[in-house]
Amino acid sequence: MGPTDSPHTDLAAISGLTLEEKASLGSGASFWRTKAVGDIPDVVVSDGPHGLRKQEEKGDHLGMGGSLPATCFPPAAGLGQTWDTDLVHRVGEALGDECQAAGVHVLLGPGVNIKRSPLGGRSFEYYSEDPLISGSMGAAWINGIQSRGVGASLKHFALNNQEDDRMRSSSDVDPRPMREIYLRAFERAVRDSQPWTVMCSYNRVNGVLVSQNAFLLAEVLVGEWDYEGLVVSDWGAVADRPASTGAGLDLQMPADGGLSDAAVVDAVKAGELDEAAVDRAAARVAGLAARAHAAARPDATFDVDAHHELAREAAARSIVLLRNDAVDGAPLLPLAGTGSIAVVGEQARTPRFQGGGSSHVNPTRLDVPLDEVVAAAPGAQVTFAAGWAASMEPDQALVDEAVAAASAADVCVLFLGLTDGIESEGYDRTDLSLPADQLALLAAVTAAQPRTVVVLTHGSVVDVAPLAGVPAILDAALLGQGGGKAIADVLLGAVNPSGRLTETVPLRLADTPAYLCFPGEHSHVRYGEGLFVGMRWYDAREMEVAFPFGHGLSYTTFRTEGLSLAADDAGLTATVTVTNTGDRAGREVVQAYVGLPGSAYQRAVRTLGGFASVDLEAGASATVEIRIENRDLEVWDPRVDHFVLEPGAYSVWVGASSRDLPLEGSVELAGETVLLPLTLESTLKEVLADPVAGAGITDALPFAKGMAESGNDDASLGADMAEMMGAIPVGRLLGFAPGSDPAAVKQGLVDLLEKANAAH
Ligand code: BGC
């Protein structure tokens with residue numbers, strides 16, 4: 001698709017405008033509004049992503065003050081753990097309805113950046129270390145909100161994987177990890193959901209600011225992915241508006257008092273910027289305004305109660321049961337029937353339910369875990385002790401009080417977690433530890449009460465080594481305003497947990513893939529781990545982890561069996577039978593991983609190829625199909641600059657996590673053989689592998705005869721010599737070639753290679 005032939009590029013709307021008017025369309029009127037010019041109305045945007053953060057425009061020029069109440073759904077760190085794209089779609093719909101009711105045309109989300117390091121300060125706003133999860137969740141969210149006539153803003157495009165020096169740092173990355181890991185989630189979201197807007201990130205990529213990166217904004221996004229919408233800057237990401245406009249950026253946000261509009265006009269007049277680029281940008285803003293106003297429903301309202309219920313449902317589905325060991329002969333959870341419960345930890349009464357920064361939502365309601373446990377366990381005696389102070393100052397009196405409460409009760413539910421100051425937009429973490437005062441509390445409480453359940457709150461992984469002796473752990477990530485009830489329901493068994501990790505929990509920070517190159521230095525961060533991000537790293541290096549990607553337990557058990565595989569033109573379908581072998585209803589998330597042993601490309605041992613889930617009553621069975629698309633198996637081949645489905649026998653593993661894969665099968669995919677042009681620098685082995693050149697090489701180069709004969713049992717050329725000679729470029733073999741006319745031999749070789757190339 002060309003830059004201006006998208007259906008949402010409204011060239012007609014700008015045809016009567018002056019250059020100045022067109023330029024002015026390309027920057028904001030305020031923090032949250034585009035300009036109205038001529039007949040083109042303004043567009044209202046707001047953060048995002050896990051709730052609407054609509055601010056009063058007058059009172060807040062930095063965009064960070066209070067906002068109107070809105071439903072706070074689980075941030076992506078929680079929502080991703082649902083592995084449930086239908087649910088994410090419904091959350092998107094609800095967000096769309098809230099935007100309609102508030103007169104907001106575009107909600108600034110979702111964020112689909114990859115969690116490269118758990119230290120990334122904004123990890124709570126992102127779904128996963130894995131591109132398939134991130135892209136699928138992002139596309140579902142966008143399709144949901146846009147189905148309600150409200151635009152999304154897919155962000156932060158691209159390679160914005162840390163907060164440190166985020167406005168200047170260059171993410172220095174090789175083509176394969178760029179394409180196969182970091183761009184892949186964006187590509188899926190663009191292709192599968194066509195967001196109305198894409199937000200360019202602050203950082204540089206391979207030295208070039210993304211806001212003026214023609215490769216990313218024009219060549220890849222529009223040229224390769226057929227993107228039809230508008231590219232907006234992150235707030236303050238533009239350093240040189242004419243350069244950005246020329247590179248493919250359409251809208252600079254927020255307002256800058258017209259400074260950059262004037263720079264654009266001057267650049268056009270000076271012949272430094274093609275006016276066609278200004279037209280494209282203005283026409284895309286006009287196109288966005290047209291569709292925003294066509295879909296707007298000024299009388300819209302939304303059902304606060306229903307959205308709160310949806311927030312609770314999403315929160316409950318986000319919770320991962322990390323561990324549930326037996327104590328006194330039975331798994332500690334659920335707690336139904338327990339006589340007395342000590343609830344310990346400040347976050348039980350002052351929940352942390354979202355991260356800090358621009359995504360901070362003012363919730364319509366807030367479920368408090370302590371109150372919800374009391375309500376969910378009417379027959380139980382529930383006591384509370386804060387255990388640690390919000391100030392994070394160690395307080396022995398609080399610890400003593402908590403120990404007394406824990407030891408007096410039948411069971412202790414201990415709330416531990418990262419605090420607001422630790423995880424936020426704008427800066428990264430420096431370690432994975434829980435705060436020291438909480439660790440001291442943990443040691444004291446578990447020594448006093450072996451029947452302790454830990455509820456962990458965090459936006460990215462924490463060091464779980466101190467939890468080694470804790471029999472039951474709920475990973476409550478960040479759950480939004482319905483998290484309190486969701487936690488209580490899972491603790492008491494009203495909800496059977498079914499969330500799955502979207503991020504590997506390592507044994508220690510030093511094990512993490514980007515450990516030696518995060519966050520870089522002097523405004524450069526080298527993505528030295530390459531393709532080996534998240535589970536790809538731990539699996540390739542055969543490392544133990546605390547909890548693997550995809551892990552999550554249930555109060556029931558499942559048996560998955562009978563794998564069959566069927567390939568078609570676009571991918572393959574894995575079919576299994578899942579049986580609920582326990583005594584209560586539950587949901588199983590079935591995961592399929594794919595690898596290609598013996599690949600000619602460097603590859604992960606296996607990657608997530610697809611997933612599906614099924615709800616089953618106790619004893620029930622169902623057939624589950626998991627779709628695996630070829631596009632997720634392709635590798636980016638930098639020699640030919642495109643994705644390639646390598647031919648071969650792919651291994652497919654199916655199971656309950658990336659390290660619990662009882663079923664294995666294999667399927668042959670025809671794929672595409674990359675035929676590179678043969679040159680004199682091609683090795684003898686490469687030439688022999690070519691059907692035409694291989695057949696003619698012994699005539700062109702008699703010397704190669706021994707190589708060509710199967711088994712290489714030519715007396716003059718043993719297998720070792722054959723291997724050695726095979727690695728030599730054929731042009732260089734000429735020096736070894738006998739014969740009286742070297743020029744003729746060389747010409748014969750050149751002719752043969754040309755003939756082979758012509759047949760490609
Ligand atoms: C954030 C964006 C956000 C924007 C507007 C930026 O600092 O990176 O995610 O949408 O501000 O608040």
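Residue numbers start at 1 and run along the sequence shown. In listed order, ligands and their atoms are each counted from 1.
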Proximity to ligand 1 by part of H360, non-hydrogen separation under 4.0 Å: neither
For L108, atoms of ligand 1 separated by under 4.0 Å from a heavy atom: 10 (O)
Per-atom contacts of ligand 1 with D234, taking only distances under 4.0 Å to non-hydrogen atoms: 1 (C), 2 (C), 3 (C), 4 (C), 6 (C), 7 (O), 8 (O), 11 (O)
Contacting atoms of ligand 1, where contact means under 4.0 angstrom from a heavy atom of M199: 10 (O)
E125 near ligand 1 by a heavy-atom separation under 4.0 Å: no
W32 and W235 aromatic ring geometry - parallel, tilted or perpendicular at 30°/60° bounds: tilted
Closest contact, heavy atoms only, R429 versus V461: NH2-O, 2.7 Å
Ring pair (Phe, Tyr, Trp, His ring centres under 6.0 Å), paired with F157, selected from Y202, F186, Y227: F186
Salt-bridge present (R317, E313; N to O < 4.0 Å): no
Among Q354, H308, H50, side chain to side chain donor-acceptor pair (under 3.5 Å) partner for Q481: H308
K155 neighbourhood, listing ligand 1 atoms whose heavy-atom distance to it stays under 4.0 Å: 2 (C), 3 (C), 9 (O), 10 (O)
For S358, the ligand 1 atoms whose distance to one of its heavy atoms is below 4.0 Å: 1 (C), 2 (C), 3 (C), 9 (O), 12 (O)
Side-chain donor/acceptor of E129 to backbone N/O of K115, under 3.5 Å: no
Distance filter under 4.0 Å to R53 heavy atoms, resulting ligand 1 atoms: 12 (O)
Side chain, backbone, both or neither: the part of R166 lying under 4.0 Å from ligand 1 by heavy atom: side chain
Minimum side-chain heavy-atom gap H307-T364 below 4.5 Å: no
Closest contact, heavy atoms only, M253 versus G28: SD-CA, 3.5 Å
Numbered atoms and elements of ligand 1 in range of W32, under 4.0 angstrom, heavy atoms: 5 (C), 12 (O)
Proximity to ligand 1 by part of H156, non-hydrogen separation under 4.0 Å: side chain
Numbered atoms and elements of ligand 1 in range of E425, under 4.0 angstrom, heavy atoms: 1 (C), 6 (C), 7 (O), 8 (O)
